[in-house]
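Everything numeric here is computed off the predicted structure, so don't read it as measured data.
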Amino acid sequence: RLSRWPREEMDTRPKVSSLLNRLANYTNLMQGAKEHEEAESIGEKRKCSKSPQMGTFMGVYLPCLQNIFGVILFLRLTWVVGTAGVLQALCIVFICCCCVTVCLSAPPAGGSYFMISRSLGPEFGGAVGSCFYLGTTFAGSMYILGAVEILLMYIAPSSAIFVSESPDGEAAAMLNNMRVYGSIFLVLMSLLVFVGVKYVNKLASVFLACVIVSILSIYTGALVSVFSPPSFPVCMLGNRSLAQHELKDGHCVKTLLPPQEAANTSESFNGTDAPPYFLHHNVSQIQGIPGLTSGVIADNIWSSYSAKGDVLERGSHHSAHRAAVSNHFPYVFADITTSFTLLIGIFFPSVTGNANSHLYRKELRVRMFPEPASLSDLSCVLLFGSCVEGVVLRDKFGDSVKGNLVVGTLSWPSPWVIVIGSFFSTCGAGLQSLTGAPRLLQAIAKDNIIPFLRVFGHGKANGEPTWALLLTAVLAELGILIASLDLVAPILSMFFLMCYLFVNLACALQTLLRTPNWRPRFSYYHWTLSFLGMMICLALMFISSWYYAIVAMVIAGMIYKYIEYHGAEKEWGDGIRGLSLSAARFALLRLEEGPPHTKNWRPQLLVLLKLDEDAHVKSPRLLTFASQLKAGKGLTIVGTVIPGNFLQTYGEALAAEQTLKHLMEKERVKGFVQCIVTQKPREGISHMIQSSGLGGMRHNTVVMGWPDAWRQSEDPQSWKTFINTVRVTTTAHLALLVPKNISLFPSNSEPCADGFIDVWWIVHDGGMLMLLPFLLRQHKVWRKCSMRIFTVAQMEDNSIQMKKDLATFLYHLRIDAYVEVVEMHDSDISAYTYERTLMMEQRSQMLRQMRLSKSDREKEAQLVKDRNSMLRLTSIGSDEDDDTDAPGAGDRSAEYRRVHMTWTKDKLLMWLEVCALCSLRLTCVCYRDQSNVRRMHTAVKLNEVIVNKSHDARLVLLNMPGPPKNTEGDENYMEFLEVLTEGLERVLLVRGGGSEVITIYS
């Protein structure tokens, strides 16, 4: 029975029954959405207003169908087939369909953006999602322009506002009409979307019925053409097609007018000025729709590309007269220069079936073959090439067939079926784009990965994206102002191709990384399919328009960097993180192959920081110094040790870790944080030095602070821990950096205007003293400081030759520094040296007495007390008694007098003997080891030289000697370092790790 299961786990972990119930009723809202989190936290107690939900049919299938059977199919596919030929047109359709190998059919609230952001991270997701939003917005512009083109050219040509008197101004007038009517259509559609999506859904059914009727009429017309082809005669002058609306009364005849009549007519051709081509060729009529079994596909199978202004000719055999022809002649001209790559860019938006999908469910569907809608494009290519004359297919606006829509000439029973159907289809596709694009922008804004888009995440009470719709309408207006469907379509292609490229990349990446959550339903899916689709997308971007591709990539790159530096951090378990883990694993295994070469050596820092009782860092300037030394390069580990039991202080460890992370972020130090909880801090530091890092990515340098005021400290553990860390670092063959007076070091906002960085090279340490100033000068704080190197010469050394050799060495190292050799002569040990040594030994003796047993401490205390009393007895009446004015001084004098009154002659002789013995013992202790005196003499003399030469230096670097092997000399070691660095403002004690870190080779 579950009643015996631990109750605390039942409270924190759900039972399987409740878990399955929650999964079964999973709403699939956007991860991290505020509404979803509030609904779970409150427990569905309050009823949230829900935005209108669209099902599979309305949310996915209908937008895909309206997009594929949309503006490109009705207005441009016939032109693509006629220009590229049947074979190349099939190739264009097949390539465009295959580049979308992996299709995200129904992601939640934002389409492919959801998958890309959750698979490749917020940076890629935000960048590509923003470009995808722009593509969807400009798709709305393209559909509106298509609807306006159908209205002005095929439904109501007389409704044009701008009309040109000459043929040269017709194109400009048409563009102005497109802009005016396009803006009107955009305002009406935006208002309809603003009123509510439910009205868009109601109209979508009507639009879909028109699309289906139009498609059926095309297939029916193709079948009917086998028995009775429709009558659409095309007037030809030789091989050149003539515009029917420019012929007089629509009669296809060749008439030469007499000169007197030609003077009173505006006809283009006349007997006097007729061009040679008109004179040498006759006028004829051909059937524009010869029928499915006519065999015209043999003439349409090859391409017939043309330049802007060329006359459209029948077949692939162009006339010999290729001179420029005036547009005043009634020919049908090519309006743009065509090529295979241009046709790909124009046609590709028709296969972006999932551009407007916004179903609220998440499912990946991998397809290896085009969808039925894409198959219909392939079948239409064959039908158009088999039924329609090639010169009519290349007539983009149907001038040769009396201004009819070319695809409408094939429809049954009337061309108006296609005209009306295509008009409503393009209007419906435009509404779908204006519905989907704001939701995509709202999804990006709600994820809060792009801060300046945050306002567009808000909307009406039911969740409709009002502000996003407003921005979408403004951007769509920019596309409408372009006023050319052929110029807007390549822009869409770039954004959609980039989206599909990253969708395929995400799928391939998830498969290669073997992500546990990546479980595609298609059993025969292989990552090579996605990789092939990605390569095709990339190739198509540069094939169709290389400059548009570069612009799209620059926009995506700028958004990527913006999100990286200013965007909110999101953890979505993306594939880029998995890729980073795989790359890190590979790199770590490569680093294990051997130690790094001297040329590749750089300080990999382990910075040891100490926290106070309030979890604040005691010496934050240590991290500042580390950032100046590293300049963001290499490995940096910031560690601290928390005393206590891990089971009780786990929360404190997490708080300390967050404190260190915030400090690192403030100081702009990129690295890792490691907190260790242990009973003894000394052991914790030792464990951290031994175990930090992973594999070949381990620290080689330890940075720790100097124990300030260690002499006045009652607890010797601080400086003993310091010395123990020095020993551990030395044993581990790691370099050690100890900044002294770290609080005086400059911050990152206090650059040194001038000054020197002095290096005192006493012993060779592998080149650390040479390398560190060079690294520091790479930072802006120390950049203006000059470098000086001092070395010490003994009496037997040749100081002149030493200076030359050192200058040559620095020249080979390519280090610019001033060189000076300091000579130190042997001299007698001064009284000051003896005094400092005596002070050092007295402190050592006092500290050793602190470690005596209780009875010994009582005896020593009584001995010292009696000795002080005796000294005071012998000095009664001296002038020193009058120097003290501290409170209680008179009482102490009276007490000493009372002590004097109790002394007898025997006691006096006894205590004099004791004092003599004590003095003799202290003298033996102080001078039994002459090496301490010699060591102190060296420190004093060297300190005098250093202070004399480097008193004005910004930073002084010194060799740090190793600690004594015998722990009894620890106090002497600390005193030696104090004397060595006395009088210097900023000191960096450096101890090498035993390996060479600098070389003359590049």
Side-chain angles (χ1 to χ4, degrees), residues 601 603 625 629 700-707 722-723 725-742 756-776 787-794 797 799 802-803 805-806 809-810 813 815 817-824 931 934-951 953-965 969-970 972-998:
W601 195 95
F625 173 74
L629 181 63
N700 54 28
T701 305
V702 178
V703 180
M704 64 175 177
W706 174 265
F722 171 82
I723 297 179
T725 305
V726 176
R727 288 194 174 97
V728 173
T729 305
T730 304
T731 304
H733 299 287
L734 302 175
L736 178 63
L737 305 180
V738 181
K740 196 169 182 288
N741 301 327
I742 187 63
F756 300 98
I757 299 178
D758 288 355
V759 176
W760 285 86
W761 193 16
I762 311 301
V763 295
H764 182 59
D765 57 352
M768 282 286 291
L769 288 174
M770 306 293 182
L771 182 62
L772 292 177
F774 171 78
L775 296 177
L776 283 174
M787 182 176 171
R788 297 187 301 190
I789 298 181
F790 299 91
T791 187
V792 178
Q794 302 295 329
D797 296 328
S799 59
M802 284 180 63
K803 185 174 182 178
D805 294 342
L806 182 56
F809 179 57
L810 292 177
L813 290 177
I815 294 178
Y818 170 78
V819 177
E820 183 175 346
V821 178
V822 179
E823 296 181 353
M824 290 189 63
S931 62
R934 289 294 177 184
R935 188 181 299 111
M936 184 59 63
H937 174 68
T938 303
V940 170
K941 298 300 295 182
L942 190 57
N943 176 259
E944 292 176 357
V945 176
I946 294 174
V947 172
N948 183 36
K949 296 288 185 181
S950 302
H951 63 277
R954 297 289 184 178
L955 180 64
V956 178
L957 281 75
L958 284 172
N959 285 115
M960 182 178 181
K965 297 182 179 180
D970 290 351
N972 302 343
Y973 176 71
M974 294 294 295
E975 191 68 34
F976 173 81
L977 294 179
E978 281 285 2
V979 173
L980 185 63
T981 59
E982 190 175 16
L984 300 175
E985 186 178 15
R986 303 186 189 100
V987 182
L988 180 62
L989 298 174
V990 181
R991 181 164 178 78
S995 59
E996 294 292 331
V997 300
I998 194 169

Item to check | Any side-chain donor near an acceptor of the partner, T981 and W706, under 3.5 Å | outcome: no
Minimum heavy-atom separation for [X] and [Y], please, with both atom names.
| X | Y | answer |
| --- | --- | --- |
| V792 | M802 | O-CE, 4.0 Å |
| G962 | Y973 | O-CE1, 3.3 Å |
| S950 | L984 | O-CD2, 4.3 Å |
| W761 | T791 | O-OG1, 3.2 Å |
| P773 | L769 | CD-O, 2.9 Å |

Rounded to the nearest 0.5 Å, what's the gap from [atom1] on [X] to [atom2] on [Y]? Could you check?
| X | Y | atom1 | atom2 | value |
| --- | --- | --- | --- | --- |
| L806 | K803 | CG | NZ | 10.0 Å |
| R788 | L957 | CZ | CG | 12.5 Å |
| M974 | L977 | CE | CG | 6.5 Å |
| L813 | M770 | CG | CE | 7.0 Å |
| N943 | F976 | CG | CZ | 10.0 Å |
| F756 | R954 | CZ | CZ | 10.5 Å |

Do [X] side-chain atoms and [Y] backbone N/O form a donor-acceptor pair below 3.5 Å?
| X | Y | value |
| --- | --- | --- |
| R991 | L736 | no |
| R727 | K965 | no |
| T729 | L734 | no |
| N959 | I762 | yes |

Checklist entry - For the side chain to side chain contact (heavy atoms under 4.5 Å, CB included) test, which of V956, V738, L772 pairs with L988? => result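 Exactly one candidate clears the test, L772.
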Quick one: does [X]'s side chain get under 4.5 Å of [Y]'s, heavy atoms only?
| X | Y | answer |
| --- | --- | --- |
| F790 | V945 | no |
| L776 | F625 | yes |
| N741 | R986 | no |
| N972 | P964 | no |
| D758 | K949 | no |

Checklist entry - Is E978 salt-bridged to K740, cutoff N-O under 4.0 Å? => result yes
Checklist entry - Hey, mind stepping through L737 and M768 against side-chain contact (heavy atoms from CB on, under 4.5 Å) and telling me if it holds? => result CA-CA 10 Å; L737 305 180; M768 282 286 291; 4.0 Å; yes
Checklist entry - What's the verdict on side-chain contact (heavy atoms from CB on, under 4.5 Å) for L958 and I946, showing C-alpha distance, side-chain angles and the deciding distance? => result CA-CA 10 Å; L958 284 172; I946 294 174; 3.4 Å; yes
